[in-house]
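I have placed the structure first, in the form of structure tokens, so that the comments after it can refer back to it.
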2 protein chains.
Amino acid sequence: MSTAAETTGGDIEPWEEVTPDAARRLLVAAVEAFAERGYHATTTRDIAGRAGMSPAALYIHYKTKEELLHRISRIGHDRALGILRTAARGEGSATERLADAVSSFVRWHAGRRTTARVVQYELDALGPEARAEIVALRRQCDAEVRGIIEEGMASGEFEVRDVQGTTLAVLSLCIDVARWFNVNGPRTPDEVGALYADLVLRMVGAEDAGAAQR
Amino acid sequence: MSTAAETTGGDIEPWEEVTPDAARRLLVAAVEAFAERGYHATTTRDIAGRAGMSPAALYIHYKTKEELLHRISRIGHDRALGILRTAARGEGSATERLADAVSSFVRWHAGRRTTARVVQYELDALGPEARAEIVALRRQCDAEVRGIIEEGMASGEFEVRDVQGTTLAVLSLCIDVARWFNVNGPRTPDEVGALYADLVLRMVGAEDAGAAQR
DNA sequence: GCCGAAGGTGAGCGAGCGCTTAGAGCGCCC
DNA sequence: GGGCGCTCTAAGCGCTCGCTCACCTTCGGC
């Protein structure tokens, strides 16, 4: 899985669930603009311009600018949760599953950095009801990671003092990748994913911390 | 140092270097507003209102709204760098100094969360020259932490595969505390600081990871 | 070939933005 | 005690924002 032939260059997104085509183009344009300048600093004219349309076209497909952010956030969180869930419910020891979860989650935050940035840092721009929906998805992400750590504790693979605090730290470490990762920097998403998987296994006291990279 | 009697409740800030009094009140109001809603979503009317003044009063003490952010960011980064530098250049083994650096850095991000949030997440709102100045301070923060890890490697206390990558991860972990920490949550800044110091010592392969908490 | 729905445009509305200006209040030194 | 400098306010300027509206084009079904 760590050698998956995904196209990370240019940050191409699989937004195929968004139809029609014009709505998808607007959404992709919004992701880029929100990631670059933030939700509040992005204008509807900028989004429409990037999609090659007039400002009014946006309102044929979306009721408000906030609905665009909501759709992006919803799809992004579904994707992030799916990644963690796949890893958590896979086969193998807790050590292997935690390494898989961290490396794939980090790879997503690095490779799909623009999406991840919007998903992780623009939550406060949503209204109360939309935010509540997204917060529920985040809690499920937390539960997936906590589940792996608890299983590792039960099997004797891991040893941590504070399961919830460590879970928070692991997720926090992965999420912050979206803040600092540079596509033109020295590291590929795969490399960061492997490094972080190793660091996290050390954090939970897994004995064969170096084994997962092989 | 981990039992320092600092006032974390209410997030009281030591902005005594900002004079006169009205300028300080405006700056504190701006920190709160920026932390709550973000720089772009905050209006000058909101800042002035929180400080109990009219919108025009802001422009007596600051040329623009951006200058306010710049001053906040500058002072905040100076403070953050000071914390890391004090820990890095203190006495004791690399293990002790790294634990000290992480716990005090985390304590600052949790206890002074509003300031830290502005400092760490509103960098992009600055203009090019102001941003360049701040980025230089960040690089110094990185150098301080990397220095401790390198010394720990040289003395045999630590064992990491990628010093720069691990440095980045350690700083990233600490910084992200400002995103998720909740003043009304179950953990105090001291507790998070102690937990994170332990986690970081595990990350760098320090043998007595549990010792620093005593 | 005509029609209605779907998708698009240009112009522009009301509101709120960052910021400016004219002038008022007030303490302080000569 | 009068002039001056510092601080602050009320009013508002010019601009851009999110969003709307009247109208235009394209195209499949009959």
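Residue numbers begin at 1 in each chain, while the letters A, B, ... track the order of the sequences.
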Requested in this report: Using a 4.5 Å cut-off on heavy atoms from C-beta on, say whether the side chain of B:Val106 contacts that of B:Pro189.
Outcome: no
Query - Neighbours of DNA chain D within residues 63-72 of chain A, by heavy-atom distance under 4.0 Å - result: A:Thr64, A:Lys65
Query raised in the report: Taking it one step at a time, do A:Asp176 and A:Gln120 satisfy side-chain hydrogen bond (donor to acceptor under 3.5 Å, both in side chains)?
Result: CA-CA 9 Å; A:Asp176 200 56; A:Gln120 301 295 359; over 6 Å; no
Requested in this report: Name all pairs fulfilling the ring pair (Phe, Tyr, Trp, His ring centres under 6.0 Å) condition that reach into residues 41-87 of chain B, sequence neighbours left out, sorted by first residue then second.
Outcome: none
Query raised in the report: Are any non-hydrogen side-chain atoms of A:Val192 and A:Trp180 less than 4.5 angstrom apart?
Result: yes
Report task. Can you establish whether the number of heavy atoms outside B:Arg131 located under 6.0 Å from its atom CZ is more than 12? Result -> yes
Query - Any side-chain heavy-atom pair of B:Thr114 and B:Val118 under 4.5 Å - result: no
Query raised in the report: Do A:Arg107 and A:Ile83 have side chains that get closer than 4.5 Å, going by heavy atoms?
Result: no
Report task. Would you sort out whether B:Asp142 and B:Arg138 count as a salt bridge (charged side-chain N to carboxylate O under 4.0 Å, His left out), showing the intermediate values? Result -> CA-CA 6 Å; B:Asp142 184 278; B:Arg138 293 214 187 195; over 6 Å; no
Query raised in the report: Is A:Asp21 salt-bridged to A:Arg24, cutoff N-O under 4.0 Å?
Result: yes
Requested in this report: State which residues pass side-chain contact (heavy atoms from CB on, under 4.5 Å) with B:Ala116; sequence neighbours excluded, sorted by chain then number.
Outcome: B:Trp108, B:His109, B:Ala178
Any N/O pairs under 3.5 Å between the protein and nucleotides 23-28 of chain D? List them or say none.
none

**Report entry** Student check: side-chain heavy atoms of A:Tyr39 and A:Leu126 closer than 4.5 Å
**Finding:** no
Query raised in the report: Dot-bracket for DNA chain C, 5' to 3', with Watson-Crick and G-U pairs under 3.5 Å, [ ] for crossing pairs and | for other-strand pairs: what is it?
Result: ||||||||||||||||||||||||||||||
Requested in this report: Scan for salt bridge (Lys or Arg N to Asp or Glu O under 4.0 Å) pairs involving residues 52-70 of chain B, sequence neighbours excluded, and state none if there are none.
Outcome: B:Glu67-B:Arg71
Query raised in the report: How close or far is atom P of D:dT7 from atom CE of B:Met53, stated in whole angstroms?
Result: 10 Å
Query raised in the report: Would you call A:Arg37 and B:Asp124 a salt bridge, using N to O less than 4.0 angstrom?
Result: no
Query raised in the report: With sequence neighbours excluded, what pairs up with B:Glu32 under the side-chain contact (heavy atoms from CB on, under 4.5 Å) test?
Result: B:Val28, B:Arg50
Query - Positions of residues 35-47 of chain B (non-hydrogen atom under 4.0 Å from DNA chain C), listed by number - result: B:Thr42, B:Thr43, B:Thr44, B:Arg45
Report task. On DNA chain C, reading 5' to 3', which nucleotide is the first and which the last to sit with an atom under 4.0 Å from a heavy atom of chain A, could you check? Result -> C:dG8 to C:dG12
Query raised in the report: Should we say atom CD of A:Glu91 is surrounded by more than 12 heavy atoms from elsewhere, each under 6.0 Å from it?
Result: no
Report summary line: Residue set satisfying side-chain contact (heavy atoms from CB on, under 4.5 Å) with B:Arg89, at least two apart, ordered chain then number -> B:Arg85, B:Glu144
Query - Selection: residues 54-61 of chain B, any non-hydrogen atom under 4.0 Å of DNA chain D - result: B:Ser54, B:Ala56, B:Ala57, B:Ile60, B:His61
**Report entry** Partners passing side-chain contact (heavy atoms from CB on, under 4.5 Å) against A:Ala94 (at least two apart in sequence or in another chain)
**Finding:** A:Arg97, A:Ile148, A:Glu157, A:Phe158
